[in-house]
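Inspection log for the structure reproduced underneath, given as structure tokens.
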Amino acid sequence: MKYLMWLLNAAIFFALFAFALNNQDNVTLHLFFGVSWQAPLVLVVLLSVLVGVFLGVIVMVPLWLRAKRYRHATGGSLSDATDTSLMPNEPDRPHGL
């Protein structure tokens, strides 16, 4: 199983490497106030992925801190607490049509 994961990781790496080699043409990004920026397409894609990951982490930090505070307040792990959800309970609704 370990070798299969290495093989999968190598395949993903080589696919991304081939994508980077095939997309070296410059693209022009037209930003605000008439500013434009020229860069290789692969750099633009990498930068947009990094910005998305950064924004996702920033959005999740308050939820992680709230869960950590809740876990310390209950005196253990979340599985020891009776109510493990951080969201309010929804009212019981009948299922079906």
Side-chain angles (χ1 to χ4, degrees):
M1 188 63 153
K2 187 168 142 182
Y3 296 116
L4 185 61
M5 287 304 296
W6 274 101
L7 187 63
L8 180 65
N9 287 337
I12 291 171
F13 172 78
F14 285 119
L16 292 175
F17 189 70
F19 174 78
L21 288 177
N22 287 329
N23 292 295
Q24 293 182 358
D25 295 336
N26 283 342
V27 294
T28 303
L29 293 178
H30 298 285
L31 304 171
F32 298 110
F33 307 114
V35 177
S36 63
W37 180 53
Q38 285 190 345
L41 177 64
V42 69
L43 184 65
V44 172
V45 170
L46 177 65
L47 188 66
S48 64
V49 167
L50 290 177
V51 167
V53 167
F54 178 73
L55 290 175
V57 168
I58 292 298
V59 167
M60 286 299 297
V61 164
L63 295 173
W64 289 333
L65 292 176
R66 187 182 310 151
K68 183 178 179 181
R69 205 174 319 128
Y70 182 76
R71 187 172 53 242
H72 286 302
T74 58
S77 66
L78 285 177
S79 62
D80 295 339
T82 56
D83 183 20
T84 59
S85 67
L86 295 176
M87 302 297 290
N89 293 332
E90 291 187 21
D92 292 331
R93 296 185 188 142
H95 295 284
L97 300 175

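Only heavy atoms go into these numbers, but all of them, side chains included; no hydrogens, no water, no symmetry mates.
With rounding to the nearest 0.5 Å, the separation of CD in Gln38 from NE2 in His30 is 8.5 Å. One distance of note links CG of Leu65 with CE of Met60; it measures 10.5 Å at 0.5 Å rounding. Here the CG atom belonging to Leu29 is positioned 9.0 Å from the OG atom belonging to Ser36, to the nearest 0.5 angstrom.
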**Prompt:** Would Val61 and Val57 count as a side-chain contact (heavy atoms from CB on, under 4.5 Å) if you check the C-alpha gap in whole Å, the side-chain angles of each, and the deciding distance to 0.1 Å?
**Reply:** CA-CA 6 Å; Val61 164; Val57 168; 4.3 Å; yes

**Request:** Apply the test side-chain contact (heavy atoms from CB on, under 4.5 Å) to residues Leu41 and Asp25: give CA-CA distance (whole Å), side-chain angles for both, the deciding distance (0.1 Å), then the verdict.
**Result:** CA-CA 6 Å; Leu41 177 64; Asp25 295 336; 5.9 Å; no

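Of all the heavy atoms in Pro40 and Gln24, the pair that sits closest is CB-O, 4.1 Å.
Linking Ile, Leu, Val, Met, Phe, Trp and Tyr residues whenever their side-chain heavy atoms come within less than 4.5 Å leaves Leu46 and Val44 in two separate clusters. Leu47 and Leu31 end up in the same hydrophobic cluster when Ile, Leu, Val, Met, Phe, Trp and Tyr side chains are linked at under 4.5 Å. In the hydrophobic clustering of ILVMFWY residues, with side-chain heavy atoms under 4.5 Å counting as a link, Leu16 and Phe14 come out apart. Residues Val45 and Leu50 do not share a hydrophobic cluster, clusters being chains of Ile/Leu/Val/Met/Phe/Trp/Tyr side chains in contact below 4.5 Å.
Heavy-atom neighbours of Trp37 CH2 from other residues, nucleotides or ligands within 6.0 Å: above the threshold of 12.
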